[in-house]
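Comments concern the structure below.
Quick caveat: nothing in here was measured; it's all calculated off a predicted structure. Naming convention: chains lettered A, B, ... in sequence-line order (proteins, then strands); numbering from 1 in each chain.
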Amino acid sequence: MSSMQTVSHGSVFFSLVNRDIKLAWSQGGGSLLAIGFFFIAVSLFPFGIGPEPQVLARIAPGVIWVVALLSSVVSLDRLYQADYEDGSLDDLALSPLGMLGVATAKVLAHWFSTTLPLALAAPALGILLNLPDNAYGPLVASLLIGTPALSLIGSVGAALTVAVRRGGVLMFLLILPLYVPTLIFGVGAVDAAVTMTDPLPHLALLGATTLIAFVVGLFASVAALNLAME
Amino acid sequence: MSSMQTVSHGSVFFSLVNRDIKLAWSQGGGSLLAIGFFFIAVSLFPFGIGPEPQVLARIAPGVIWVVALLSSVVSLDRLYQADYEDGSLDDLALSPLGMLGVATAKVLAHWFSTTLPLALAAPALGILLNLPDNAYGPLVASLLIGTPALSLIGSVGAALTVAVRRGGVLMFLLILPLYVPTLIFGVGAVDAAVTMTDPLPHLALLGATTLIAFVVGLFASVAALNLAME
Amino acid sequence: MFDGLGFQAKSGDFVSLTGKNGSGKSTFLRVLAGFIPASEGAMGFSVDGESATGVARDSFLMVGHMNGLKPAFSLRQNLQLFSRLMTGRHIDDDSLLEAACTFGLAALLDESVQYFSSGQRHRSALTRFCLVPRQIWLMDEPTVGLDAENRQALAGLIQRHIACGGIVIAATHDPMGVSGQTLNMDVFRPTGNPSVDEDWL
Amino acid sequence: MFDGLGFQAKSGDFVSLTGKNGSGKSTFLRVLAGFIPASEGAMGFSVDGESATGVARDSFLMVGHMNGLKPAFSLRQNLQLFSRLMTGRHIDDDSLLEAACTFGLAALLDESVQYFSSGQRHRSALTRFCLVPRQIWLMDEPTVGLDAENRQALAGLIQRHIACGGIVIAATHDPMGVSGQTLNMDVFRPTGNPSVDEDWL
Amino acid sequence: MHRFANPAQFNRLADVVLPWAIGLTVLLSVAGLYYALFSSPPDYQQGESVRVMYVHVPAAWMGMFVYMVMAAASFTALVWRHPLALLAGKAAAPIGAIFTALALITGMLWGKPMWGTYWVWDGRLTSVLVQFFLYLGYMALWQAMEDEEKAGRAASILALVGVVNIPIIKFSVDWWSTLHQPASVMRLDGPTIDGAMLVPLFLMAAAYQAYFVVVFLWRMKLEINNRKLSVMRQASLQNTETQMEVAG
Ligand code: HEM
Ligand SMILES: Nc1ncnc2c1ncn2[C@@H]1O[C@H](COP(=O)(O)OP(=O)(O)OP(=O)(O)O)[C@@H](O)[C@H]1O
Ligand SMILES: Nc1ncnc2c1ncn2[C@@H]1O[C@H](COP(=O)(O)OP(=O)(O)OP(=O)(O)O)[C@@H](O)[C@H]1O
Ligand SMILES: [Mg+2]
Ligand SMILES: [Mg+2]
């Protein structure tokens, strides 16, 4: 009956990560569908813009990055809200992890189940948009380095809007401006490759953005979550 | 005590429209936020693609139309779900309107409160993206004629996913392909104006799409809603 | 689904549905309201001699596990809205106040429903029965979360309705304090195996 | 908020919170769990002599109006998950079956929670108290929607817990069938106007 | 129609048809491939790459045909509430998706030598892509809800809405005169393509059709067995429940 038994925090942490990944891939599966959104939204652009290969090639890195942003936000929408609405956020608050652990686990799970697949799916869209051959490497590299920032920043927005019904769209407003630096450095790296200059400085800046997002994002998320639970 | 008192269906209908518009503009306000999404997402493109005026002008009609699609879907997400979750869809089913009336009223309210403002806000974004002067008229005209189709087709997706948790992203997958004809004719009209040809045939096709969407969309929505309530 | 289930209700009847959790009370109420289609033969429910599937949808008023309130609106707005959506008529302030008094909500009329406690929400949902005159009331666990005082108010409300010729069908685990028929859903559970029939389609 | 509210609970106590709808029972439970910060002075709750705010969060186990179940998972998965998230340990099948039997859910273990009736869901949520050993149980209206049999099971569970030195605090409108202190929240409601104090900011 | 309503009867019928269909598939594809690869002439314009046609065109036809099968099944399921029709739609969808994907992929591979690019955004290609997405959406809806019956009916509604796309695929080449070539076989005034190409084309089309019948029947039997299994599981569950009640 004593609560003083030692608990393995690592095991709790990974149970939560594991749960969230399973939920993301289960019924209604957030992950597969975010990738679906990514594909469909990117393929709408040629309809809108017309089929000329040079124009498409010119805008390809920008469009892929912008749509990656949008689809990551779309799937972030319910990052905390689902747990808040069904009461499991209350349970998690009483778990040995503490809110910081909870937020970290959930962001990790989101990145792994949703944003990472986006990065890996991007080359396929490059073909659709006629991306030059030498740009594929930097595209994937920039997405791999930059996407954790998307999950982390998005987590702040998701936590802030958790108590608001129809938070989804409000979140876009809060989040998208904060995504701008990631977007600029990410596209910068790909464009550098296209124009045959060195993408490394851009990637380094991108990495720095992700690190900052890591620290600021997690703490801001925790503060916002504690607020929502009151 | 008798239920045989005559009821004014029109009055019930407009009460529902009125309620939905009020809700869309209230707390968490779907409408303002869809417009916000529209603005922010469009303004991400110059960051992603670079500021060259000719490139922006070339892609402006397409980008504006595609993002209008995306933001309308984003706000459609909870068209029926909110009512389903809080139980008021059950109430509406017992109202004198019947499901067809309910769906019609809700789609009308959505169009008026959310998609119509997008059409009206589009010229401001045209300026951001350097849209040629003679394209503003066709842009607004095409959005005015095409946006009802967005609400109508979106309504089918919203009704189909009403009983699905995290339906939001699934909806994208179902809806966006069906938006393609609207998008093609809509952009076609604007592009025609840009290239100094006649936009009218495109607008006529757009109108036809909207009419088909009207019939198919409403009936499919009702079928899907009845299914969700079982 | 409900093998052999059948009962008659006529004006002035109170029927309480009882039974274990999962015995199908909520489902049965939704079948009655017409949300779930029932195969005619399987169910012998009739109202005033008419088969239930023949009863017009707008004879029913239902309150289920969810309460159908919009948190963004005040209680007054919620009630006005409900009345307009169900009857098409605007309800005047006096009738509204009277209705709100039934479950002691008069003081909360201009508060936003968002901040209501669970019991206050549930009472707000029950208030609909005082707003819209319909013959058949379907209630799913109406006593949940009510304090003693309001349970009495509920019993009084039901009694007045059946005295005026209404019909009330309520699924409940608590005694309702109203006398009437009791339909125990446990009895109607499919006994034995559901047959794995070659003709199962 | 809760002017003058104070009570002591020690090992083996059962406290039932009663009071009208909106008297603050749910809010008080959330204050105890540490979700809502309370100004120390205003509340004199103490556990085993220690002030409540000093009690570690992981002494508590709570069930509120929502049930924290994931509809996509089966009941078994939900219970396993809850145990792992709260203790970090995997629960073996025998203990799981035993826990599920408390509220008669053994037959439903491999069903998806999505299709449970309201009572079945609520019982699934209550099963958590059999899974994770913690000292202080906070329950918000635990009898809601339970049939008679399961209300008895609940009373038995609570009795066993307090017999082993646990503490149970339950907000309820129904008699719980367990003897202990009763705390009537109506008494503590701020009487008169909340004072608008110059020192307030 | 209703004679096949009964799954047992359907299973018996399937067992009769299957061996024949399998035989036909083998025979037709061997003959078709022989004609396509060896005994038909290269095109005077396109050279040897014209042989992609014998894979591409029947795949494109089957993509649309299977969609119509799925839509007809959906209609039957919705209007007459026929559970077997629901399963028919479910069984057909992945096959149609694969045919459509095949048409897309062979089209892209063909496009590189012919048009100089894998992909262009013309009406035909786009509407086929939309059809592919519709298949995906249909299958995703089946997955998204656990209640099979409901999931199937929701997916059926989507399938019917998507029928609008079929005439767009068919007539897109006429409406937007673009890169993809217009119909030369299925036209009102008779085919305009050479007889030597027509033979392998039709052989391959028939082979695809027979292959569809085989896989479709297999998948139907599978779905029926799955359904039976879940009914039996339900039954045994209820059994234990009643036993426990008796015991307790
Ligand atoms: C991804 C690219 C492509 C797609 C999605 C596609 C799609 C289709 C479809 C749907 C049909 C059936 C039309 C009908 O029944 O009316 C078709 C037929 C045909 N396609 Fe393609 N196609 C693609 C690329 C190509 C290419 C590159 C060529 C060769 C230059 C080609 C040549 C043909 C021919 C000859 C037919 C037969 C037309 C007829 O006789 O009706 N296609 N294609
Ligand atoms: N988030 C909130 N913001 C403002 N006021 C609130 C909030 N939550 C609850 N209240 C108010 O606090 C009071 C107490 O609510 P609480 O939910 O604790 O009542 P309760 O005793 O649990 O009632 P019930 O028996 O109906 O469950 C109510 O008057 C309610 O309106
Ligand atoms: N959508 C559904 N699909 C499949 N089964 C369902 C569905 N909804 C309910 N059920 C099952 O039907 C049975 C009856 O459920 P119902 O909600 O009607 O019970 P109830 O009598 O209201 O129980 P409670 O007292 O717990 O509210 C339950 O066993 C439940 O699992
Ligand atoms: Mg129930
Ligand atoms: Mg409460």
If you draw a 6.0 Å radius around CG in B/Asp133, do more than 12 non-hydrogen atoms from other residues or ligands fall strictly inside? no
Please determine whether the number of non-hydrogen atoms from other residues, nucleotides or ligands lying under 6.0 Å from atom OH of B/Tyr136 exceeds 12. yes
Side chains of A/Phe39 and B/Leu173, heavy atoms from C-beta outward: is any pair under 4.5 Å? no
Looking at [atom1] of [X] and [atom2] of [Y], how far apart are the two atoms once the value is rounded to the nearest 0.5 Å?
X       : Y        : atom1 : atom2 : answer
A/Glu85 : B/Glu85  : CD    : CD    : 6.0 Å
A/Ile40 : B/Leu174 : CD1   : CG    : 8.5 Å
A/Ile59 : B/Leu56  : CD1   : CG    : 10.0 Å

Which atoms form the tightest heavy-atom contact between A/Gly48 and B/Asp191, and what is the distance? O-OD2, 4.4 Å
Testing the basics here: between A/Leu44 and B/Val66, what is the closest heavy-atom pair and its distance to 0.1 Å? O-CG2, 3.8 Å
Centroid separation A/Phe45 to B/Phe45 less than 6.0 Å: yes
What pairs of residues pass the salt bridge (charged side-chain N to carboxylate O under 4.0 Å, His left out) test when at least one of them lies in residues 60-71 of chain A, not counting sequence neighbours? none
Could you give all pairs that pass the salt bridge (charged side-chain N to carboxylate O under 4.0 Å, His left out) test and reach residues 106-129 of chain A, with sequence neighbours left out? A/Asp20-A/Lys106, A/Asp83-A/Lys106
Quick check on the interface: out of B/Gly62, B/Gly186, B/Ala60, who has the most heavy-atom pairs with chain A under 4.5 Å? B/Gly62
Given that the side chain runs from C-beta out, which part of [X] has a heavy atom under 4.5 Å from chain A: side chain, backbone, both or neither?
X        : result
B/Leu183 : side chain
B/Ile64  : neither
B/Ile49  : both
B/Glu52  : side chain

